[in-house]
Amino acid sequence: MDAMSRIVNNRLPGMIIYGRPRLGKTSAVKFAIANLPTQVGAPLPILVANCNAYRVPSEEKFFLDMLNDFKFPFPAKRKPAEMRRQIVNLMLEKAEKSKQRRIILVMEEAHRLTELQYNWLMDIYNELDREKVSMSVISVGQEELLARRTFFLENKKSQIIGRFMTHEHRFYGIRSMDDIKLALTCYDSPEISEYPEKSGCSYTDYFFPDAFQRGERLAKEAKALYEIFTDVRKEYGLSTSFEIPMEYFAFTVENALKKNGVHGDQCDWISKNQWLEAIRSSGYIESEVYMAVAQGG
């Protein structure tokens, strides 16, 4: 949120947000988009487009995908120049309605963008600029996105770097015991997340009501869970930096609650062995082993 807010507040043209798969980048960006207007204290038009992979990219596919993502009705087939003009007109309309004369464009899966596609984005940027509307492009993708920026630097593509990649933010998963504790606290607190929705009940209370009443909390398990994850990594010879993608962490907690709670085995509370089994069932180990092999480590 801080990184994105700086880009928006300073009217900077672009930034890249990158990280390995399954960290929760997409969910985090959705959260940021929903809260960004409040964070910066102004209504902001924010458009989100997904970057699709094509063996042979074309302007027609690129602009048509954007119009579809913007939920813009486009029944008739038109020339790329007409579609680009429609995108620009849509952005101009939204920018003028907000009275900010600016637009935020979030490009998901941006590591798929080629130099050609960045050039087509540049055409949109330049047309808006001529109308005195500023566009900030936030590119979200996997670690290849950083490699793409390095490639552009080496090949002196400063026009792309200057508009869309001036700033960067590396997105991480869970990396410490404090991170684990913070995430587990969310399952304990109905003020943060209710289950079932609008029940006034937390996840911990719902799955372990008796234990919850006597004061048990998932957040108290942070140290034990950190040690179990650490031991599992040692067992499989994983020497990369400690990091748990949010998807696998959420699966771990979900497995532990469902398997051992009142709707499962009706255990009194979650034991160390049950946490270990929940980790094994999450897919985390297989993912880390695959990543280590892919990185040669």
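Numbers here simply count residues along the sequence, with the first being 1.
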Between [Y] and [X], is there a salt bridge with N-O shorter than 4.0 Å?
X      : Y      : result
Glu93  : Lys97  : yes
Arg233 : Glu227 : no
Glu108 : Lys25  : no
Glu194 : Lys198 : no

Note to self: Determine whether Tyr226 and Phe242 satisfy the following criterion, ring-ring contact (aromatic ring centres under 6.0 Å, His included), listing intermediate values before the conclusion.
What the structure shows: CA-CA 10 Å; Tyr226 177 80; Phe242 183 96; 4.9 Å; yes

Item checked: Connected via hydrophobic side-chain network under 4.5 Å: Ile174 and Tyr172 -> no

Note to self: Using the rule that Ile, Leu, Val, Met, Phe, Trp and Tyr join whenever any side-chain heavy atoms are under 4.5 Å apart, tell me whether Ile192 and Met246 fall into a single cluster.
What the structure shows: no

Where do [X] and [Y] come nearest, in terms of heavy atoms and distance?
X      : Y      : value
Asp188 : Ala219 : OD2-N, 2.9 Å
Pro190 : Cys201 : CB-C, 3.9 Å
Pro209 : Val262 : CD-CG1, 3.4 Å

Note to self: If we count only N and O atoms by modelled type, under 3.5 Å, do the side chains of Asp69 and Asn50 hold a donor and an acceptor together?
What the structure shows: no

Checklist line | Geometric cation-pi criterion, Arg22 with Tyr248: 6.0 Å, 45° | finding: no

Check: Does anything in residues 7-56 pair up under ring pair (Phe, Tyr, Trp, His ring centres under 6.0 Å), and if so which pairs, sequence neighbours excluded?
Finding: none

Margin query: Using the side chain to side chain contact (heavy atoms under 4.5 Å, CB included) definition, which of the options Leu47, Val88, Ile124 pairs with Ile103?
Written below: Leu47

Donor-acceptor pairs under 3.5 Å, side chain of residues 151-159 to any protein atom, not counting sequence neighbours: which ones?
from	atom 1	to	atom 2	distance (Å)
Asn155	ND2	Phe151	O	2.8
Lys157	NZ	Glu115	OE2	3.0

